[in-house]
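These numbers were taken from a predicted model, which means no experiment stands behind them. Order of the sequence lines sets the chain letters (A, B, ...), proteins ahead of strands, with each chain counted from 1.
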Amino acid sequence: MSGEAAVGGGGGEANGVQPNVTIYINNLNEKTKLEELKKSLNAVFSQFGKILEVLAFKTLKHKGQAWVVFEDVASATEALKRMQDFPFYDKPMKIQYAKTKSDVVAKADGTFVPRERRKRTDEKPEKKQKREQHHDVSQGTLGMNAYPGAYGAPPLSQLPFGGGPKVMMPEIIVPNNILFVQNLPHDTTPMMLQMLFCQYQGFKEARMIEAKPGIAFVEYGDEGQATAAMSALQNFKISKDNLMLITYAKK
DNA sequence: AGCACA
C-alpha cells in the first residue's frame with residue numbers, strides 16, 4: 001500500500017542524508033528569474049515555519065536549485081514531506097535535506113569558519129550596520145489603507161452617512177466567491193499567488209491589476225471555498241514586510 | 001543532473 005515514491009533520486013533520509021534545518025531543492029524551473037524564484041519559495045515555504053534564508057544561484061552548476069534555511073528541523077521536515085513534488089512553475093520540486101550546515105546557521109552556532117574564497121588578508125573590518133528594519137512599514141499595515149469592508153471598525157470618515165453621528169454603522173460583510181487581496185509586494189506575480197491559493201479547494205484563478213500593484217483578485221468555485229482559503233491565508237506573510245490582507249471582493 | 005553561502 002505504501003507506494004514508495006522512488007522518484008529517481010528525490011529522496012531524503014533514504015538517501016543517506018540526515019535531517020537538516022536546510023532543505024535542498026532541485027528540478028526548479030531554470031527560466032525563473034532569481035529574485036522571483038526566491039520570493040516565491042519564501043511565499044510557499046514560510047507556512048512551515050520561520051525561514052532564515054533562501055539561497056539560489058544562477059551559475060551553470062547551480063541553476064535549477066535552491067536552499068531554504070528554516071529555523072528548526074521540524075519545519076524543514078514538514079516542508080520536505082508536504083511539498084515534495086509540488087508543482088512549482090510547472091515543474092515538480094524535488095526536495096532533500098541539505099548535505100551540510102548553512103553558513104547562516106553556523107554563524108548562529110558559533111561554528112562558522114570562513115572558507116577560502118578570496119584571501120582578504122585577515123579579518124575584514126566589516127561594518128555592523130544593524131539596520132534592523134522592524135516594522136518600517138509606514139503604510140503597509142492594516143492601518144490607513146485598510147479596505148473599508150475589512151474586519152474591524154471602518155474609519156469614521158468612511159461611514160455611509162456623510163457627516164452623521166458617531167454611531168458606528170457596521171459594514172455588512174457580504175461573502176463572495178471572489179477574494180480581494182491587498183498589501184502584496186509590488187513585484188508579486190500571478191504565478192506566486194496561484195501557488196499559494198491553489199492549495200485550497202475550489203481555486204479557479206488569481207488575477208492582478210496591472211494598473212494597481214499590490215492588489216489581486218482570487219476566484220473560487222463558491223463562497224465556502226473562498227472563505228476557507230481566506231481564513232487559511234489571512235495575514236499570510238508573503239514577504240518580510242508584507243502581510244496579505246484578504247477580504248471578499250465587492251459584488 | 002547538478003549541495004552553496006557572490
Side-chain angles (χ1 to χ4, degrees), chain A residues 4-133 185 187 191-192 195 237-241:
Chain A
E4 300 178 1
V7 277
E13 49 250 304
N15 238 5
V17 184
Q18 61 190 43
N20 192 313
V21 295
T22 304
I23 54 173
Y24 167 76
I25 308 164
N26 66 358
N27 197 43
L28 294 169
N29 193 321
E30 301 176 8
K31 303 192 306 271
T32 313
K33 289 212 282 282
L34 269 197
E35 196 182 333
E36 178 181 337
L37 178 71
K38 292 206 260 185
K39 281 188 197 297
S40 295
L41 286 169
N42 192 85
V44 169
F45 279 106
S46 59
Q47 59 181 309
F48 302 105
K50 175 111 190 275
I51 291 175
L52 301 183
E53 198 175 15
V54 176
L55 293 156
F57 312 90
K58 60 180 166 204
T59 55
L60 289 306
K61 190 176 178 190
H62 302 296
K63 55 183 186 176
Q65 302 156 74
W67 289 259
V68 176
V69 188
F70 286 96
E71 196 169 47
D72 48 66
V73 179
S75 304
T77 299
E78 187 72 3
L80 186 150
K81 290 181 178 164
R82 300 257 314 268
M83 300 301 281
Q84 191 65 266
D85 296 313
F86 181 81
F88 193 72
Y89 293 100
D90 299 321
K91 300 186 65 177
M93 313 187 179
K94 300 299 177 185
I95 312 176
Q96 302 168 244
Y97 291 114
K99 286 179 178 164
T100 60
K101 187 188 284 184
S102 297
D103 281 1
V104 63
V105 176
K107 281 170 182 165
D109 263 352
T111 61
F112 178 67
V113 42
R115 66 185 65 74
E116 45 189 293
R117 155 163 299 283
R118 189 174 284 194
K119 283 184 184 174
R120 192 54 81 129
T121 323
D122 300 303
E123 61 224 88
K124 44 184 176 175
E126 188 174 353
K127 298 183 69 175
K128 284 188 170 183
Q129 46 179 40
K130 287 226 166 184
R131 211 148 274 231
E132 304 184 27
Q133 41 195 36
D187 51 1
M191 178 66 74
M192 291 167 62
M195 288 182 296
K237 196 174 53 163
I238 191 168
S239 81
K240 286 189 179 57
D241 297 319

Asks: Which of residues 20-27 of chain A have a heavy atom under 4.0 Å from DNA chain B?
Replies: A:Y24, A:N26, A:N27

Asks: Which of the following nucleotides, B:dG2, B:dA4, B:dC5, is nearest to the side chain of A:K63?
Replies: B:dG2

Asks: With the six-membered base ring of B:dA4 as reference, does the ring of A:W67 sit under 5.5 Å away with planes under 30° apart?
Replies: yes

Asks: Tell me: CD of A:Q96 to P of B:dA4, nearest whole Å?
Replies: 13 Å

Asks: Indicate the ring-plane relationship of A:F70 and A:F48, choosing parallel, tilted or perpendicular according to the 30° and 60° boundaries.
Replies: perpendicular

Asks: Could you tell me how far apart A:H62 (NE2) and B:dG2 (C1') are, to the nearest whole angstrom?
Replies: 8 Å

Asks: Would you indicate whether the side-chain heavy atoms of A:F86 and A:F45 approach each other to under 4.5 Å?
Replies: no

Asks: So which nucleotide from B:dA6, B:dC5, B:dA4 ends up closest to the side chain of A:L34?
Replies: B:dA6

Asks: Regarding A:K101, tell me which of base, sugar-phosphate or nothing describes its non-hydrogen contacts under 4.0 Å with the strands shown.
Replies: base

Asks: Does a donor on one side chain and an acceptor on the other come within less than 3.5 Å for A:Y24 and A:Q65?
Replies: yes

Asks: Measure CZ/A:F112 against C1'/B:dA4 and give the value in whole Å, please.
Replies: 11 Å

Asks: Between A:D103 and A:R115, does at least one N-O distance fall below 4.0 Å, as a salt bridge requires?
Replies: yes

Asks: What is the distance, rounded to the nearest whole Å, between atom CD of A:E30 and atom P of B:dA1?
Replies: 10 Å

Asks: Given atom CZ of A:F70 and atom P of B:dC5, what is their separation to the nearest angstrom?
Replies: 21 Å

Asks: Mark yes or no for whether A:N29, through its side chain, and A:Y89, through its backbone, hold a donor-acceptor pair below 3.5 Å.
Replies: yes

Asks: Starting at NZ of A:K94 and ending at P of B:dC3, how long is that distance when rounded to a whole Å?
Replies: 16 Å

Asks: So which one's nearest nucleotide on DNA chain B is more toward 5', A:E53 or A:L28?
Replies: A:L28

Asks: Measuring from A:M195:CE to A:S40:OG, what's the distance to the nearest 0.5 Å?
Replies: 4.0 Å

Asks: What is the separation between atom NZ on A:K58 and atom P on B:dC3, rounded to the nearest whole Å?
Replies: 20 Å

Asks: Taking the nucleotide of DNA chain B with the nearest heavy atom to each, does A:Q65 or A:D103 sit closer to the 5' end?
Replies: A:Q65

Asks: For A:E30, what residues pass the side chain to side chain donor-acceptor pair (under 3.5 Å) criterion, not counting sequence neighbours?
Replies: none

